[in-house]
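The structure under discussion appears below in the form of structure tokens.
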There are 2 protein chains.
Amino acid sequence: MARERYHHGDLRSALLDAAETLVRERGADGWSLREASARVGVSPSAAYHHFASRDTLVRALSERTLGWLGERLRQDCERAPGQEDDPQCRLIALGRGYVRWALDDPAVARLVLRGGATGPDSSISPHPHDVLTAELDRLAEAGALPGPAREGAEFVVWAALHGLAVLLADGLVRFDDPHAVGLQTERVVRTTLNGLAQESSPTAGRPPARSAYTERLAARRAPE
Amino acid sequence: MARERYHHGDLRSALLDAAETLVRERGADGWSLREASARVGVSPSAAYHHFASRDTLVRALSERTLGWLGERLRQDCERAPGQEDDPQCRLIALGRGYVRWALDDPAVARLVLRGGATGPDSSISPHPHDVLTAELDRLAEAGALPGPAREGAEFVVWAALHGLAVLLADGLVRFDDPHAVGLQTERVVRTTLNGLAQESSPTAGRPPARSAYTERLAARRAPE
DNA sequence: ACATGCATCTCAACACTGTTCAGATTGGAG
DNA sequence: CTCCAATCTGAACAGTGTTGAGATGCATGT
């Protein structure tokens, strides 16, 4: 706990770790930079050699967490139960993973999902949103999503999933049965995908939506 | 601005007003109790005769805002365009109102929707969530929503709508065309309702979901 | 009219926060 | 072995939420 050497070695990630556990212990806002520094055994000002501000630390923690989550969601899609390679099953697995995370680690999830922290400049890889769009592409290729319905579909699914996750992390919705949350998530995904597939008259001339993520994606494809 | 009388008269709502405009000016977290007090022309400790803590002030502001929003959403439903009294048109109007609010007043919306602040003990009337469930009931009575699909449908619609609102308020999704947000909202509502209506095999034995709002509703129906 | 009670507000103080900056300490490159 | 740049410390600043003891004045009862 107390370090002996003057130089810490990897203070940056040590601070991220300390902040993360503090968030878990005291909630998304119940901690301070000073406390995290003290827990690492370092003076408060030391942190400023690795983060420009407390807010930068939060952003960095968010990015680290989102990257880890994205990787896990990708795995969840691969290991999806059900018929071999059914795109819908994969999307359900993705949704379950996303929501399960929000419920298992609500304090961190609240901090991260509060967003604003994850602008288009961030280099999160793979970003959960990327995983979602990839899975929707797979669904479209399988023919389960008509062409016009695919366009902008990620916003519908994302909104529904994100909304459920936020509601759960904030404690606005609760489920007594631990299985209930999974079933409810599955229902949300199924309902959304069904609704999209049977979109009778796709909104004529629907203007393109733009998200921080699509911008980031575009920037990645055409660097400079 | 500067008051002459020693007693303010209605300091409580004056503080709420000051906090509200401060949130608009500097963001959900960029303000302090002291600043709000100073703007009202009162010492910082005066606030503690009306609010137990800064957090209580935030909660009170959230409740006031949600009550106002609920009333406006109810009006939006009444004035819904489209065929006379079409329940789906009413729900679309509700969704548009909810999302428009999140976009027109994003800082306040972020503060309010961050939630946790709006527990079941709050006496918000009419709560936006109540308005939504009432409209879903109307839809079910009109036969546009099969019985088994109605059960727990509010969570699906709420999640989708809430998710879109949060994504917009947090700036994670942006729309260039001002019409786009309305169209996207409409699409989310339509898609969700369509998906619910055509729910092929409603999840067998789906356990009851419970939200802070259903609890509050139950408590209101059976006081004591 | 006047005293009294009580809600309301002020003042001063506490511990704590994020942030800055001059200087001490070090690992590693030349 | 020297020196540099990266890293960390210590002390300080303005500002925060919160508390408690005391001042102020409105409304009420006589």
Side-chain angles (χ1 to χ4, degrees), chain A residues 1-63 107 110-112 114 116-117, chain B residues 1-63 107 110-112 114 116-117:
Chain A
M1 183 135 289
R3 79 190 198 289
E4 56 277 356
R5 281 195 299 300
Y6 189 89
H7 285 42
H8 181 280
D10 193 5
L11 183 54
R12 194 191 139 91
S13 43
L15 282 172
L16 288 177
D17 292 342
E20 190 171 13
T21 69
L22 272 173
V23 166
R24 290 210 181 90
E25 288 176 16
R26 313 231 186 101
D29 293 318
W31 59 283
S32 63
L33 225 200
R34 293 177 103 103
E35 205 168 357
S37 308
R39 196 167 277 206
V40 177
V42 115
S43 90
S45 36
Y48 286 83
H49 291 265
H50 301 270
F51 304 100
S53 67
R54 191 200 122 117
D55 206 66
T56 312
L57 203 178
V58 170
R59 212 190 317 275
L61 179 56
S62 292
E63 294 181 3
R110 287 185 62 159
L111 190 76
V112 170
R114 188 171 298 176
Chain B
M1 184 135 288
R3 80 189 196 290
E4 55 278 355
R5 282 195 298 301
Y6 188 88
H7 284 41
H8 181 281
D10 193 6
L11 182 55
R12 196 190 137 89
S13 42
L15 281 172
L16 288 175
D17 292 342
E20 190 172 14
T21 68
L22 272 173
V23 167
R24 291 209 182 91
E25 288 176 18
R26 313 233 186 99
D29 293 318
W31 59 284
S32 62
L33 225 201
R34 293 177 104 102
E35 205 168 357
S37 307
R39 194 166 280 206
V40 176
V42 115
S43 91
S45 36
Y48 285 83
H49 292 267
H50 300 271
F51 303 100
S53 68
R54 191 199 123 117
D55 206 66
T56 313
L57 203 177
V58 170
R59 212 190 317 274
L61 180 57
S62 293
E63 294 181 1
R110 287 185 62 158
L111 189 75
V112 169
R114 187 171 299 177

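Proteins come first, then strands; the chains are lettered A, B, ... in the order of their sequence lines, and each starts at number 1.
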Practice problem: Heavy atoms only: give me the nearest B/A28-B/A107 pair and the separation to one decimal. | Solution: CB-O, 3.9 Å
Quiz item: For the side chain to side chain contact (heavy atoms under 4.5 Å, CB included) test, which of A/L11, A/D10, A/V58, A/L61 pairs with A/L16?
Solution: A/L61
Quiz prompt | Comparing B/E35 and A/G9 on DNA chain D - which has the more 5′ nearest nucleotide | solution = A/G9
Quiz item: Rounded to the Å, how far apart are A/D55 CG and C/dT19 C1'?
Solution: 14 Å
Quiz item: Which whole-number value in Å describes the distance from A/R54 CZ to D/dT16 C1'?
Solution: 13 Å
Quiz prompt | Heavy-atom closest contact (A/A18 atom, A/A36 atom, distance) | solution = CB-O, 3.9 Å
Quiz item: D/dC8, D/dT18, C/dT10: which one has an atom nearest the side-chain heavy atoms of B/S53?
Solution: D/dT18
Quiz item: A/L57 CG to C/dT17 C1': how many Å, rounded?
Solution: 15 Å
Quiz item: Would you say B/H49 reaches C/dT10's phosphate, i.e. side-chain N/O to OP1/OP2 under 4.0 Å?
Solution: no
Self-check item: Distance in angstrom units between B/L33 CG and C/dT17 P, rounded
Solution: 18 Å
Practice problem: In whole angstrom, give the distance that lies between atom CG of B/D10 and atom P of C/dT8. | Solution: 10 Å
Self-check item: A/S45 side-chain proximity, nearest of C/dT19, D/dG17, C/dT20
Solution: C/dT20
Quiz item: Which one, D/dT16, D/dC8, C/dT8, comes nearest to the side chain of B/R34?
Solution: D/dT16
Exercise. Return the value, rounded to whole Å, for the distance between atom CG of B/D29 and atom P of D/dG17.
Key: 11 Å
Self-check item: For atom CZ of A/R26 and atom C1' of C/dC16, their distance in whole Å
Solution: 13 Å
Quiz item: Just how far, in rounded Å, is C1' of C/dT20 from CZ of A/F51?
Solution: 18 Å
Exercise. Nearest-nucleotide wise, let me know which of A/S32 and A/A52 is further upstream toward the 5' end of DNA chain C.
Key: A/S32
Quiz item: Nearest to the side chain of A/Y48 - C/dT20, C/dT10, D/dC8?
Solution: C/dT20
Quiz prompt | Considering all heavy atoms, the nearest B/L57-B/A19 contact | solution = CD2-CB, 3.9 Å
Quiz item: Sub-3.5 Å donor-acceptor pair from the side chain of A/S53 to the main-chain atoms of A/T56, do we have one?
Solution: yes
